[in-house]
Number of protein chains: 2
Amino acid sequence: MKSPAELTDTFRANGLKVTPQRQLLFGLMHGNTVHPTAEALFAEASARMPGISLRTVYQTLTDLASMGELRLIDVGTGATRFDPNTDDHHHVVCSSCGEVRDVYVAGSDRLKVDGLDGFQIEEASILFSGTCVTCASDTVSRASARG
Amino acid sequence: MKSPAELTDTFRANGLKVTPQRQLLFGLMHGNTVHPTAEALFAEASARMPGISLRTVYQTLTDLASMGELRLIDVGTGATRFDPNTDDHHHVVCSSCGEVRDVYVAGSDRLKVDGLDGFQIEEASILFSGTCVTCASDTVSRASARG
DNA sequence: TTCTCAATCTGCAAAGAGTGCGAACTAGCA
DNA sequence: TGCTAGTTCGCACTCTTTGCAGATTGAGAA
Ligand SMILES: [Mn+2]
Ligand SMILES: [Mn+2]
Ligand SMILES: [Zn+2]
Ligand SMILES: [Zn+2]
């Protein structure tokens, strides 16, 4: 995703207005690596700008996505995650707490794939799922406490 | 997924009853390769057994899934897909019509993956998306019609 | 600076996909 | 044939996201 300053120019250049709400969200998303949900961003945004609406958060986020500045990610935890990292990358999600992290995969060009005949492929995404360090140690703690 | 006859035994052996609703769903899912949604199955089931409830379809499907007989798949089209194919396989979804097909991938063990440190991985799924033959030719047809 | 109006924001209703609950029903065993 | 634990069904409700419309405002024009 471009920087807030660059986005400001891009928006104006496209006849879109640069509102305080948008600027706030530009800032909250820039460099954000946690893959937040709309609700999570709404909570952060509300802290800095009481009164901002969840509707506007969704609006701005989907606008940025359709401009190619954000990626919408579905890791199967219910709500869509928003990602300012537009590199070619994949994800890993903790099935316990829902944490999402970036995963870079090399060598996927050498995979032997069977079943794509007839399809004109646009993209391939790999989703890893498992338990993050925090949740793994929590489990250990509870086990110790019990036994 | 086991055959309807085998499932009947398995269910009884586990103290679960074999109802007409369950038998119908065993039959509808056995060998089913379309990755249907609960609503789609409900429609098929209703045709054969008027009065069956969507609630029961969901119930039976999730029961089968927790017994490991069915896989729940999220291809990002909104509703969960149900898959009786428990082989280790992946999927491709048509971004236009939502059709889902099986994809077998070999060589994934040789991928170079970076970013999984700390995670205890339980599974990795690859989702391809693109345009299926039907939707591709539809697009061509419309283009021709226009000029 | 003030004017003007398209673009934006907000609140609320509503849609899509499931899930929790409890009353009525029934498969399977004695 | 009866009993009862397991099921089914309908309905209310949650969660996530979108549609709508009236009130508000950014930013170029004058
Ligand atoms: Mn990412
Ligand atoms: Mn499949
Ligand atoms: Zn975790
Ligand atoms: Zn298609």
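Note on naming: letters A, B, ... go to the chains in the order of the sequence lines (proteins, then strands), and numbering restarts at 1 for each one. Computation of the quantities below employed the complete heavy-atom set of this structure, encompassing side-chain atoms and omitting hydrogens, waters and symmetry-equivalent molecules.
Residue A:Thr19 places at least one side-chain N or O closer than 4.0 Å to OP1 or OP2 of C:dC9. Contact between the side-chain N/O atoms of A:Arg55 and the OP1/OP2 oxygens of C:dC12 is not found at any separation under 4.0 Å.
The residue from A:Met29, A:Lys2, A:His30 that alone fulfils the side-chain contact (heavy atoms from CB on, under 4.5 Å) condition with A:Glu69 is A:Lys2. Residue A:Tyr104 is tested with A:His89, A:His90, A:His91 for a ring pair (Phe, Tyr, Trp, His ring centres under 6.0 Å); the sole match is A:His89.
If you check C:dC21, C:dA27, C:dG18 against the side chain of B:Tyr58, the one that comes closest is C:dG18.
Between the side chains of B:Thr131 and A:Glu122, at least one donor N or O lies within less than 3.5 Å of an accepting N or O. Remark: the B:His35 side chain and the B:Asp102 side chain contain an N/O donor-acceptor pair separated by less than 3.5 Å.
In this structure, CG of B:Asn14 is placed 19 Å from P of C:dA27, rounded to the nearest angstrom. The nearest whole Å value for the distance from the CD1 atom in A:Ile52 to the C1' atom in C:dT10 is 10 Å. Here the C1' atom of nucleotide C:dA27 and the NZ atom of B:Lys17 are 5 Å apart, to the nearest Å. Look at CG on B:Leu16: it is 15 Å from C1' on C:dT26, rounded to the nearest Å. Nucleotide C:dG18 holds its P atom 13 Å from the CD1 atom of B:Ile73, rounded to whole Å. In this structure, B:Glu39 atom CD and C:dG18 atom P are separated by 9 Å, rounded to whole Å.
Among the atoms of the strands shown, none is found under 4.0 Å from any heavy atom of A:Thr37.
Between A:Phe82 and A:Tyr58, the angle of the ring planes goes over 60°, which puts this pair in the perpendicular group of the 30/60° scheme.
Between B:Arg22 and B:Asp63 there is a salt bridge, with a side-chain nitrogen of the basic residue lying less than 4.0 Å from a carboxylate oxygen of the acidic one.
For DNA chain D, the outermost nucleotides in 5' to 3' order that have an atom under 4.0 Å from a heavy atom of chain B are D:dA5 to D:dC11.
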